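Report on the following structure.
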Amino acid sequence: MKIATYNINGINGRLEHLLRWLREAQPDIVCLQELKREQHSFPESALKDAGYNAIWQGQKSWNGVAILAKNEIRELHRDLPGDDDEFTHSRYIEAFVDDVVIGCIYLPNGNPWPGPKFDYKLRWFRRLADHAKGLVNRELPVLLVGDYNVMPTELDTYKPAKYLENALFRPESREAFKKLVDQGWTDAIRDLYPHERIYTFWDYLRNAYGRNAGLRLDHFLLNKHIAPRLRTAQVDKHVRGWEHSSDHAPVWIELA
DNA sequence: ATGTCCCTGATCCAGGGA
């Protein structure tokens, strides 16, 4: 089983990219982030024609998450539980697909630090951790997949010193990610490749992709009922090199 | 500070977000 995540940075102008990549990669389940499209205008039929069912939580202009799958999708949540008026962004959707529970995550960016956006990121992180605590020990395979907007360690950025004041690399953000993982999750890519520099994002600025000035922001967290099934992982880096691509590349793992 | 790209809403550009 192949499970992927792709921050598409606007599905409006990127549907053809998505379809092209789906054709070549043939993932079984895909988590998408940054749809930047309203709920009613999601390209459901184009994806259906491509062989994928979908559930999604859209929003005008910003955010937006979706889960695609070749098989039946049973929706569990369209947001993190709780009806706090503070959290109005479309950043989480969760479903039961095949034999797994999968949460699709688009964590707030949080820049600039310090400031209200950074505080919001940490509050959102706490809310995710509260929910994750209830999932990690479920007697089911569970995955929390998506754009965490965190580089967990110095290995996850081409130039750590440059990011010390960046919300994606602030100690508070890294600590929040570590606390989440320490609940009992496996960071799939780091587990398979403990010492390699692996990036999933290259900024549009300053020819970052050409210089391989990347960041690892997109992560797969696996609970103990699925971590032993992990076989391989890959970043489809070439997709970032396509014309008018997203600033993220698709990333996938293969499970036995 | 800068660079680039996507989005919106009001003009063919500015401002917010990443």
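Lettering of chains follows the sequences in order, A, B, ..., and the numbering in each one begins at 1. Owing to the predicted nature of the structure, the values given are computational and were not obtained by experimental measurement. As a basis for the values below, the full set of heavy atoms in this structure was taken, side chains included, without hydrogen atoms, waters or symmetry mates.
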Sequence-distant partners of [X], side-chain hydrogen bond (donor to acceptor under 3.5 Å, both in side chains), two or more places apart:
{"X": "A/Thr157", "result": "none"}
{"X": "A/Glu94", "result": "A/Tyr92, A/His131"}
{"X": "A/Arg197", "result": "none"}

| query | Expressed in angstrom and rounded to an integer, what is the separation of A/Asn207 atom CG from B/dC5 atom P? | reply |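 It is 11 Å, rounded to the nearest whole Å.
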| task | Using atom CG of A/Asn12 as one end and atom P of B/dT8 as the other, report the distance to the nearest whole Å. | result | 7 Å
| message | Please report the distance separating the C1' of B/dA10 from the corresponding atom of B/dG15, rounded so that it comes out in whole Å. | response |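 Each nucleotide's C1' atom is 12 Å from the other's.
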| task | Please state the P separation for the pair B/dT8 and B/dT2 - nearest whole angstrom. | result | 26 Å
| said: I want to check one thing: is the phosphate of B/dC6, taken as OP1 and OP2, less than 4.0 Å away from some side-chain N or O of A/Arg14? | reply: yes
Quiz: residues 106-114 of chain A side-chain donor-acceptor pairs under 3.5 angstrom, not counting sequence neighbours:
{"residue": "A/Tyr106", "atom": "OH", "partner": "A/Glu34", "partner atom": "OE2", "Å": "3.4"}
{"residue": "A/Asn109", "atom": "OD1", "partner": "A/Asn111", "partner atom": "N", "Å": "2.9"}
{"residue": "A/Asn109", "atom": "OD1", "partner": "A/Asn111", "partner atom": "ND2", "Å": "3.1"}
{"residue": "A/Asn111", "atom": "OD1", "partner": "A/Ala167", "partner atom": "N", "Å": "2.9"}
{"residue": "A/Asn111", "atom": "ND2", "partner": "A/Asn166", "partner atom": "OD1", "Å": "3.0"}

| Audit row: A/Tyr204, A/Tyr209, ring-ring contact (aromatic ring centres under 6.0 Å, His included) steps and yes/no | CA-CA 8 Å; A/Tyr204 288 122; A/Tyr209 181 68; over 10 Å; no
| message | At under 4.0 Å between heavy atoms, how does the protein contact nucleotides 13-18 of chain B? Give one character per nucleotide, 5' to 3', with B, S or -. | response | ---BSS
For residues 62-72 of chain A, run the donor-acceptor check on the side chains, cut-off 3.5 Å, and write out each pair with its distance to 0.1 Å, sequence neighbours left out.
{"residue": "A/Asn63", "atom": "OD1", "partner": "A/Arg91", "partner atom": "NH2", "Å": "3.2"}
{"residue": "A/Asn63", "atom": "ND2", "partner": "A/Gln59", "partner atom": "OE1", "Å": "3.4"}
{"residue": "A/Lys70", "atom": "NZ", "partner": "A/Gln26", "partner atom": "OE1", "Å": "2.6"}
{"residue": "A/Asn71", "atom": "ND2", "partner": "A/Asp98", "partner atom": "OD1", "Å": "2.6"}

